[in-house]
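Structure record follows, encoded as structure tokens.
Model, not experiment: these values are computed from the prediction. All heavy atoms count here, side chains included; hydrogens, waters and symmetry mates do not. In what follows, residues are counted from 1 in the order of the sequence shown.
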Amino acid sequence: MTDSRRRTPFIKMPDKRPGEGTGLPERWSNSKAALVGYLTGKAITSPRIAAILNDGTDPKTIRKMWKYWRLPTPAGKSRHTETFIVSFDGRQREGICASAKALGIEPEEFIRRVAYYASHDNLYQNIVDDRPLD
């Protein structure tokens, strides 16, 4: 009897790929699929994910897997929209959330607007003034 914990689990891509004929199925280990999902969640592009994997995976294969997984596309965003992941500690996050709530907007929208106008109006030095983060 085989111990199921010793078998390497795989996620299999469908034999038929969208817009193509029958292709060879690709097998990904759960750890590879998890890494691709994690990097995707960090808004990293498929070419960069392929470079990070460094195992010969084509960026097109990654994008096809996204379709296979039926990952949602953010509404109203073009394919040229870039997402930045920014970390805040609890105190910083609470301050941002309070400011956003006072304006009646989501914290992400608050951060997006502040960053956009700071960049657009070249206000970085006026805002940051070479101060270290608290």
Before giving the answer on side chain to side chain contact (heavy atoms under 4.5 Å, CB included), spell out for Leu123 and Tyr117 the whole-Å C-alpha distance, their side-chain angles and the decisive distance to 0.1 Å. CA-CA 8 Å; Leu123 297 174; Tyr117 286 109; 5.6 Å; no
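Counting only residues at least two apart or in different chains, salt bridge (charged side-chain N to carboxylate O under 4.0 Å, His left out) contacts with residues 96-108 are absent.
Residues that satisfy the side-chain contact (heavy atoms from CB on, under 4.5 Å) test with Ile62, not counting sequence neighbours, are Trp28, Val36, Ser46, Ile49, Ala50, Leu53, Thr57, Trp66. For Thr45, the side-chain contact (heavy atoms from CB on, under 4.5 Å) partners are Pro47, Arg48, not counting sequence neighbours. With sequence neighbours excluded, the residues satisfying salt bridge (Lys or Arg N to Asp or Glu O under 4.0 Å) with Glu109 are Arg112, Arg113.
Counting heavy atoms from C-beta outward, Asp89 and Gln92 have side chains that approach closer than 4.5 Å. The closest side-chain heavy-atom distance from Ile111 to Val86 is not below 4.5 Å.
Cluster annotation: Tyr124 and Ile96 are assigned to distinct hydrophobic clusters (Ile/Leu/Val/Met/Phe/Trp/Tyr, side-chain heavy-atom contacts under 4.5 Å, transitive).
With rounding to the nearest 0.5 Å, the separation of CG in Leu35 from OG1 in Thr40 is 9.0 Å.
Taking each heavy atom of Pro107 and Cys97 in turn, the nearest pair found is CG-SG, 3.7 Å.
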Side chains of residues 126-133: which donor-acceptor pairs under 3.5 Å do they make with residues two or more places apart or in other chains?
{"residue": "Arg131", "atom": "NE", "partner": "Val128", "partner atom": "O", "Å": "3.1"}
{"residue": "Arg131", "atom": "NH2", "partner": "Ile127", "partner atom": "O", "Å": "2.4"}

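Below 30°, between 30° and 60°, or above 60°: for Tyr116 and His120 the angle between ring planes is below 30°, a parallel geometry.
Between the side chain of Glu94 and the backbone N or O of Arg91 there is no donor-acceptor pair closer than 3.5 Å.
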